[in-house]
K.L.:
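Below you will find the structure I want to go over with you.
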Amino acid sequence: MDESVLSPHVYTQQADSVAFHLLGRRLVRYTSEGVLAGLITETEAYLPDGDPANHASRGETPRNASMFLAGGHWYVYLVYGVHYCLNLVTGREQSGEAVLIRGVSPTHGHEHIRANRPNVAPRDLTNGPAKLTKAFAIDTDWDGTFLADSSLTITETDTHPPNEEIHTTDRVGISKARDRFLRYVWVGSPQY
DNA sequence: GGTGGGATTAGCT
DNA sequence: GCTAATCCCACCA
């Protein structure tokens with residue numbers, strides 16, 4: 001793989017635009033045992049406009065501090081005491097916005113991914129925000145790291161889906177401000 | 001200082 | 001469909 005790291009022109013935009021542009025690009029994790037990678041198939045934007053579902057909406061705390069870094073940093077947190085969620089911080093420093101990576105389609109390191117997700121059907125390996133962090137063994141070690149300077153990154157690809165393959169829907173899994181069309185799904189994305 | 005609720009998932013009824 | 005798992009911390013007292 002000789003793809004370049006995601007351009008600052010993408011991750012410095014606001015979260016809804018970044019969520020759109022991340023579809024089809026590649027999430028890549030480098031490990032001592034090889035490369036794990038997958039095309040991003042589902043994202044969700046959290047904007048800094050008073051959205052109560054945004055972790056940054058009530059100001060900076062130790063937990064959400066990474067969300068106030070400049071666009072291009074990772075924000076990783078633990079939900080329900082059990083699962084990790086991976087977000088790419090977007091926009092300018094201190095703006096407090098991010099994109100949740102909700103799904104990928106594996107392209108590299110299939111064996112390693114399967115080993116991290118025992119007893120799971122192929123289509124369920126990485127089709128959820130906590131499923132993909134488990135599959136890629138991503139945890140809070142990456143919280144606050146910068147994508148261009150981390151063993152976890154996103155690369156440019158020639159696989160950005162055509163507009164008609166991108167559907168926007170209301171968000172899921174949250175109780176506040178659900179009725180906003182900030183979830184982006186690449187329908188018909190390649191399935192492993 | 002106590003309490004309640006998560007940006008979820010898997011397993012069971 | 002329902003619920004347990006299990007940690008952090010925001011919020012109220």
Side-chain angles (χ1 to χ4, degrees), chain A residues 11 13-23 25 27 29 36 38 40-69 71-91 95-106 113-145 147 152 154 166-186 189 191-192:
Chain A
Y11 56 71
Q13 296 172 42
Q14 66 175 30
D16 51 350
S17 176
V18 178
F20 177 88
H21 286 289
L22 285 186
L23 295 178
R25 293 199 156 101
L27 179 70
R29 157 128 147 78
L36 303 179
I40 296 171
T41 59
E42 185 178 335
T43 58
E44 195 159 289
Y46 289 85
L47 289 166
D49 58 358
D51 176 5
N54 182 340
H55 286 181
S57 67
R58 284 176 301 279
E60 184 173 342
T61 69
R63 182 206 195 196
N64 67 16
S66 298
M67 278 201 74
F68 293 88
L69 299 173
H73 286 82
W74 292 114
Y75 168 50
V76 185
Y77 68 92
L78 183 66
V79 252
Y80 301 106
V82 190
H83 304 297
Y84 295 102
C85 286
L86 174 67
N87 302 255
L88 184 66
V89 178
T90 68
S95 69
E97 54 185 304
V99 172
L100 172 66
I101 314 285
R102 293 192 54 90
V104 302
S105 179
I113 288 169
R114 277 197 302 270
N116 288 337
R117 300 272 296 145
N119 307 316
V120 166
R123 62 163 288 107
D124 293 323
L125 285 170
T126 54
N127 64 342
K131 295 179 188 176
L132 70 92
T133 54
K134 186 101 190 288
F136 280 48
I138 294 164
D139 59 26
T140 49
D141 285 353
W142 283 272
D143 183 51
T145 64
L147 130 168
L152 184 65
I154 295 174
I166 297 179
H167 287 196
T168 65
T169 74
D170 57 336
R171 298 181 291 189
V172 296
I174 59 173
S175 55
K176 307 165 190 164
R178 188 163 349 96
D179 190 22
R180 303 183 65 187
F181 288 76
L182 294 172
R183 180 172 166 238
Y184 296 78
V185 181
W186 178 8
S189 61
Q191 278 282 342
Y192 166 64

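By convention in this document, chain letters (A, B, ...) are assigned in the order of the sequence lines, proteins followed by strands, and residues within each chain are numbered from 1. What you are looking at is a predicted structure, and each value in this text was computed from that prediction instead of being measured.
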K.L.:
N127(A) CG to dT8(B) C1': how many Å, rounded?
P.N.:
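In whole Å, dT8(B) C1' lies 12 Å from N127(A) CG.
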K.L.:
Verify, without hydrogens or angle tests, whether N127(A) (side chain) and R123(A) (backbone) share a donor-acceptor contact under 3.5 angstrom.
P.N.:
yes
K.L.:
A side-chain contact here means heavy atoms from C-beta on lying under 4.5 Å apart; do V76(A) and T133(A) qualify?
P.N.:
no
K.L.:
What interatomic distance, in whole Å, is found between P of dT6(C) and the corresponding atom of dC12(B)?
P.N.:
15 Å
K.L.:
Between F136(A) and V104(A), is there a side-chain heavy-atom distance shorter than 4.5 Å?
P.N.:
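A side-chain contact under 4.5 Å exists here.
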K.L.:
Taking C-beta and beyond as the side chain, do Y75(A) and D143(A) meet within less than 4.5 Å on heavy atoms?
P.N.:
yes
K.L.:
Using the C1' atom in both, what is the distance from dC8(C) to dA10(B), to the nearest Å?
P.N.:
22 Å
K.L.:
Has R102(A) got a side-chain N or O lying under 4.0 Å from the OP1 or OP2 atom of dT9(B)?
P.N.:
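No, no such contact exists.
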K.L.:
Return the value, rounded to whole Å, for the distance between atom CD1 of I101(A) and atom P of dT8(B).
P.N.:
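So the CD1-P distance, I101(A) to dT8(B), works out to 14 Å.
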K.L.:
Please find the pair of heavy atoms, one from W186(A) and one from I40(A), that lie closest to each other, and give the distance.
P.N.:
CE3-O, 3.6 Å
K.L.:
Using nucleotides 11-13 of chain C, report all nitrogen or oxygen pairs with the protein that are shorter than 3.5 Å.
P.N.:
residue: dC11(C); atom: OP1; partner: R58(A); partner atom: NE; Å: 2.9

K.L.:
What's K131(A) touching, base or sugar-phosphate or nothing? Going by heavy atoms closer than 4.0 Å.
P.N.:
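The answer is sugar-phosphate, as K131(A) gets under 4.0 Å only of primed atoms, P, OP1 or OP2.
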K.L.:
Using 0.5 Å steps for rounding, measure from the CG atom of L47(A) to the OG1 atom of T90(A).
P.N.:
7.5 Å
K.L.:
Take atom OH of Y46(A) and atom P of dG6(B), then tell me their distance rounded to the nearest Å.
P.N.:
12 Å
K.L.:
Using whole Å, report how far CG of N87(A) lies from C1' of dT8(B).
P.N.:
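In whole Å, dT8(B) C1' and N87(A) CG are 13 Å from each other.
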K.L.:
Can a donor-acceptor pair be found, under 3.5 Å and without considering hydrogens, that links the side chain of N64(A) to the backbone of T61(A)?
P.N.:
yes
K.L.:
Rounded off to whole Å, could you give me the CZ-to-P distance for the R123(A) and dT9(B) pair?
P.N.:
13 Å
K.L.:
Report yes if the side chains of Y11(A) and L22(A) come closer than 4.5 Å at any heavy-atom pair, otherwise no.
P.N.:
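When only atoms from C-beta onward are counted, L22(A) and Y11(A) do not touch, as no gap falls below 4.5 Å.
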K.L.:
Within this structure, what is the CG-CD distance for the pair D49(A) and Q14(A), rounded to the nearest 0.5 Å?
P.N.:
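Going from the CG atom of D49(A) to the CD atom of Q14(A) covers 8.0 Å.
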K.L.:
Quick one, Y46(A) and D51(A) - any side-chain contact, counting heavy atoms below 4.5 Å?
P.N.:
yes
K.L.:
Closest heavy-atom contact between S57(A) and P52(A)?
P.N.:
OG-O, 3.7 Å
K.L.:
Which whole number of Å gives the distance between the P atom of dG1(C) and that of dA7(B)?
P.N.:
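About 22 Å, rounded to a whole number of Å.
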K.L.:
Let me have DNA chain C in dot-bracket notation, would you? Count Watson-Crick plus G-U wobble pairs, both distances under 3.5 Å, and use [ ] for pairs crossing earlier ones and | for inter-strand partners.
P.N.:
|||||.||||||.
K.L.:
Could you tell me whether the side chain of L23(A) reaches within less than 4.5 Å of the side chain of T43(A), counting heavy atoms only?
P.N.:
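Yes, their side chains come closer than 4.5 Å.
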K.L.:
Can you check the N116(A) CG to dT9(B) C1' distance for me, whole Å?
P.N.:
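Going from N116(A) (CG) to dT9(B) (C1'), I get 16 Å.
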K.L.:
What is the separation between atom CG on D124(A) and atom P on dT8(B), rounded to the nearest whole Å?
P.N.:
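In whole Å, dT8(B) P lies 16 Å from D124(A) CG.
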K.L.:
How many whole angstroms separate atom CG of L125(A) from atom C1' of dT8(B)?
P.N.:
17 Å
K.L.:
Between protein and nucleotides 2-9 of chain C, what N or O pairs are separated by less than 3.5 Å?
P.N.:
residue: dT6(C); atom: O2; partner: Y80(A); partner atom: O; Å: 2.3

